[in-house]
Amino acid sequence: GALFKGDEVKGYQRVQWRVNLCHIFTVLTVGILWLIFRWKPVLEVIAKGSPCHLSQADWVLIKVLKMSPREEAMPQNCFTRS
């Protein structure tokens, strides 16, 4: 859908030392960190990247406010990978 007022778009650029650190912690936790990243992908983006301009982004996070049947705004995180 289209982006509406209140939605947020943020770009993140991969930081190699953070990626390497996440790989080390994945091995040390016997894959638990990998499972967490599969369960909550937004955590992987935040752990492995740093905020940047959208034109330089490896990842784009889109926070969409979805209206419930009672017309309350409920945030939902979406992401894309390149």
Side-chain angles (χ1 to χ4, degrees):
L3 293 177
F4 298 100
K5 185 177 181 179
D7 294 346
E8 296 179 30
V9 180
K10 295 180 182 179
Y12 285 84
Q13 191 170 35
R14 184 182 313 258
V15 178
Q16 192 57 47
W17 69 266
R18 288 184 178 191
V19 172
N20 294 341
L21 193 61
C22 285
H23 289 303
I24 291 169
F25 278 112
T26 298
V27 171
L28 292 176
T29 62
V30 193
I32 292 174
L33 185 61
W34 180 83
L35 288 174
I36 291 170
F37 287 163
R38 294 298 141 235
W39 178 53
K40 292 286 189 181
V42 68
L43 295 178
E44 180 180 13
V45 173
I46 293 169
K48 293 181 178 180
S50 66
C52 69
H53 192 271
L54 290 177
S55 65
Q56 300 171 333
D58 294 314
W59 289 298
V60 176
L61 291 179
I62 304 170
K63 186 175 184 179
V64 178
L65 292 176
K66 181 179 176 184
M67 300 305 282
S68 73
R70 291 190 263 162
E71 299 299 318
E72 296 174 8
M74 298 172 17
Q76 294 186 346
N77 287 318
C78 304
F79 76 100
T80 60
R81 287 187 174 190
S82 57

Taking the side chain as everything from C-beta on, heavy atoms only, tell me whether Ile46 gets closer than 4.5 Å to Val42. yes

*asked:* Using side-chain heavy atoms (C-beta onward) and a distance below 4.5 Å, is Cys52 in contact with Tyr12?
replied: no

Has Arg14 got a side-chain atom pairing as donor or acceptor with Asp58's backbone, closer than 3.5 angstrom? no

How long is the span from the [atom1] atom in [X] to the [atom2] atom in [Y], to the nearest 0.5 Å?
X: Leu61; Y: Glu8; atom1: CG; atom2: CD; result: 10.0 Å
X: Lys48; Y: Trp17; atom1: NZ; atom2: CH2; result: 13.5 Å
X: Trp39; Y: Trp34; atom1: CH2; atom2: CH2; result: 14.5 Å
X: Glu44; Y: Arg38; atom1: CD; atom2: CZ; result: 5.0 Å
X: Ile36; Y: Thr29; atom1: CD1; atom2: OG1; result: 7.0 Å

Heavy atoms of Val15 and Ser50 approach each other most closely as CG2-OG, 3.6 Å

Minimal heavy-atom distance between Phe37 and Ala47, with the atoms involved, is CZ-CB, 3.8 Å

Cluster overlap Leu33 with Leu43, hydrophobic side-chain contacts below 4.5 Å: yes

query: Does Leu35 belong to the same Ile/Leu/Val/Met/Phe/Trp/Tyr cluster as Val30, with side-chain heavy atoms less than 4.5 Å apart forming each link?
result: no

